Number of protein chains: 2
Amino acid sequence: MFQVPAKTQYAIRALAHLARSGGDSAARVALAQNISAKYLEGILNQLKLAGIVTSDRGRGGGYRLTRPASEIPMIEIVAAMEGELKPVECVDDSSVCSRGAFCMPRKFWQGLKDSVESYLKSVNLADLAEEPLITICGTGKNKNPTKTEAKGAR
Amino acid sequence: MFQVPAKTQYAIRALAHLARSGGDSAARVALAQNISAKYLEGILNQLKLAGIVTSDRGRGGGYRLTRPASEIPMIEIVAAMEGELKPVECVDDSSVCSRGAFCMPRKFWQGLKDSVESYLKSVNLADLAEEPLITICGTGKNKNPTKTEAKGAR
DNA sequence: TAAATTCCTATGGGATTACTAGGAATATGG
DNA sequence: CCATATTCCTAGTAATCCCATAGGAATTTA
Ligand code: FES
Ligand code: FES
């Protein structure tokens with residue numbers, strides 16, 4: 001349970017790659033991380049809209065982090081892919097429930113949310129990417145790895 | 001994100017109801033908690049297989065907790081519905097990764113898992129059900145509430 | 001023996017996920 | 001200046017999962 005979607009795992013792997021390489025094209029990141037290239041394009045674009053990466057179009061272009069990896073908390077990445085943390089609907093919305101702020105179940109779900117949130121705030125991208133990595137954790141579900149040739153890094 | 005499935009929310013509400021009533025039929029629990037009756041039957045059965053409730057068949061039968069609510073940690077309920085906590089495949093399985101125990105990404109996912117797990121272990125069903133409740137948190141997705149008449153409790 | 005109940009299996013519709021496909025827009029290097 | 005590398009945009013799709021629904025067999029009791 002609580003399985004993290006492939007999309008989020010891909011995002012993390014891609015960002016870790018960018019952190020180490022200093023910037024790269026979507027195709028090369030996909031090849032290196034064994035992610036479907038076209039699918040990754042969309043993910044990277046989403047990360048751009050969230051202000052985590054920036055991009056240069058055209059030949060020689062690609063993606064790079066907007067900030068040092070140490071200034072990108074993991075919760076920001078997760079939020080960019082999946083939106084806000086919300087285990088049940090009425091969390092953060094006291095108008096849903098007649099018991100308002102005194103609702104025990106709400107406190108329970110709030111506690112769960114806080115627990116995850118504070119953990120995700122305590123770790124940043126640099127913590128994950130700092131060591132020389134061979135692969136990055138989580139294989140996702142890609143069964144058709146990119147075959148495209150990608151010669152040379154930037 | 002991290003949305004808790006309706007099934008799990010239903011299970012929790014049903015169990016809280018049983019904790020307060022001391023035992024009831026699936027149909028009456030469904031009515032009281034606004035859950036699809038037939039769907040709830042399956043859920044209660046699953047909770048039975050997990051050893052959280054027990055049941056009596058036939059007229060006058062129903063479900064009741066196997067233990068005091070204070071001895072049922074929330075993690076047991078969640079595990080009964082969704083299986084073990086596993087954000088990514090390679091968590092708990094060092095054979096997946098060439099970096100073995102030194103893999104930073106794994107430590108990250110392990111940390112997330114531990115964080116959720118320890119919280120869910122720290123709360124029990126009595127904590128949720130102790131107060132006189134009107135409704136129980138989280139509405140789920142049931143749009144066709146049970147219409148069946150259910151007269152009188154046990 | 002009728003009614004109430006759990007227990008079992010099968011099916012379906014809707015939403016989400018994880019891609020796939022095609023190409024327009026844009027920038028660069030030679 | 002143009003072939004090429006790249007991002008960016010939109011649409012479609014197959015598979016999976018979730019949330020039930022349906023029907024009825026087995027069991028127990030009043
Ligand atoms: S790849 Fe998952 S533990 Fe290293
Ligand atoms: S029902 Fe969700 S807060 Fe009370």
Side-chain angles (χ1 to χ4, degrees), chain A residues 1-11 14 18 23-31 34-49 53-64 81-83 138-154, chain B residues 1-11 14 18 23-31 34-49 53-64 81-83 138-154:
Chain A
M1 64 158 299
F2 276 134
Q3 177 107 5
V4 174
K7 196 176 188 179
T8 305
Q9 296 184 37
Y10 292 159
L18 291 180
D24 216 339
S25 76
R28 276 191 296 269
V29 174
L31 186 65
N34 192 40
I35 301 169
S36 156
K38 274 297 201 180
Y39 191 41
L40 183 60
E41 278 185 24
I43 293 172
L44 257 356
N45 206 254
Q46 212 170 323
L47 290 169
K48 182 188 177 176
L49 292 176
V53 301
T54 188
S55 65
D56 299 306
R57 293 170 76 154
R59 188 169 185 158
Y63 295 90
R64 57 201 148 75
M81 303 314 292
E82 306 178 43
T139 52
K141 305 192 174 175
N142 187 33
K143 295 301 172 201
N144 280 35
T146 310
K147 289 288 183 289
T148 322
E149 278 306 314
K151 312 124 189 164
R154 304 167 109 211
Chain B
M1 65 157 302
F2 278 134
Q3 177 108 6
V4 175
K7 194 177 191 181
T8 304
Q9 296 185 37
Y10 293 159
L18 291 180
D24 215 339
S25 75
R28 275 190 299 269
V29 175
L31 186 65
N34 191 41
I35 302 169
S36 157
K38 274 296 200 179
Y39 191 41
L40 183 61
E41 281 184 23
I43 293 171
L44 256 359
N45 205 254
Q46 211 170 325
L47 290 168
K48 183 189 176 177
L49 292 175
V53 301
T54 189
S55 65
D56 298 305
R57 294 171 75 154
R59 188 168 184 156
Y63 295 90
R64 55 200 149 75
M81 302 315 291
E82 305 177 44
T139 51
K141 304 190 176 175
N142 188 34
K143 296 300 171 199
N144 281 36
T146 309
K147 289 288 184 286
T148 321
E149 277 307 316
K151 313 122 191 164
R154 301 168 108 209

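Note that the structure is a prediction, hence the values are computed from the model and not measured. Note on naming: letters A, B, ... go to the chains in the order of the sequence lines (proteins, then strands), and numbering restarts at 1 for each one.
Distance, B:Y39 OH to D:dG23 C1': 19 Å, rounded to whole Å. In this structure, CD of B:Q9 is placed 13 Å from C1' of D:dC18, rounded to the nearest angstrom. What separates OH of A:Y63 from P of D:dA5 is a distance of 17 Å, to the nearest Å. Between A:E82 atom CD and C:dT16 atom C1' the separation is 12 Å, expressed in whole Å. Between the CZ atom of A:R64 and the P atom of D:dT7 there is a distance of 12 Å, given to the nearest Å. Atom CG of B:L40 and atom P of D:dA22 are 16 Å apart (whole Å). Atom P of nucleotide C:dA4 and atom CZ of B:R28 are separated by 10 Å, given to the nearest angstrom. Atoms CD (B:Q3) and C1' (C:dT17) sit 15 Å apart, rounded to a whole Å.
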Taking N or O atoms only and anything under 3.5 Å, show me the protein contacts with nucleotides 10-13 of chain C, one pair per line.
none

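The nearest heavy atom of DNA chain C to B:S55 and to A:V4 marks one nucleotide each, and the one closer to the 5' end goes with B:S55.
If you take OH on B:Y10 and CE on B:M81, they are separated by 11.5 Å, rounding to the nearest 0.5 Å. Rounded to the nearest 0.5 angstrom, B:T8 OG1 and B:Q3 CD are separated by 10.5 Å.
Smallest separation of non-hydrogen atoms from B:R64 and B:G23: CB-CA, 4.0 Å. Minimum interatomic distance between A:L44 and A:V53 (heavy atoms only, all atoms of both residues): O-CG2, 3.7 Å.
Phosphate proximity of D:dC19 to B:S36: absent, as no side-chain N or O sits under 4.0 Å from OP1 or OP2.
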Indicate for each nucleotide in nucleotides 21-30 of chain C, in 5' to 3' sequence, whether protein heavy atoms under 4.0 Å reach the base (B), only the sugar-phosphate (S), or nothing (-).
-> -BB-BBBBS-
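In the set D:dT6, D:dC19, C:dC7, the nucleotide with an atom closest to the side chain of A:S25 is D:dT6.
Interface residues of residues 42-49 of chain A facing DNA chain C, ordered by number: none; criterion, heavy-atom separation under 4.0 Å.
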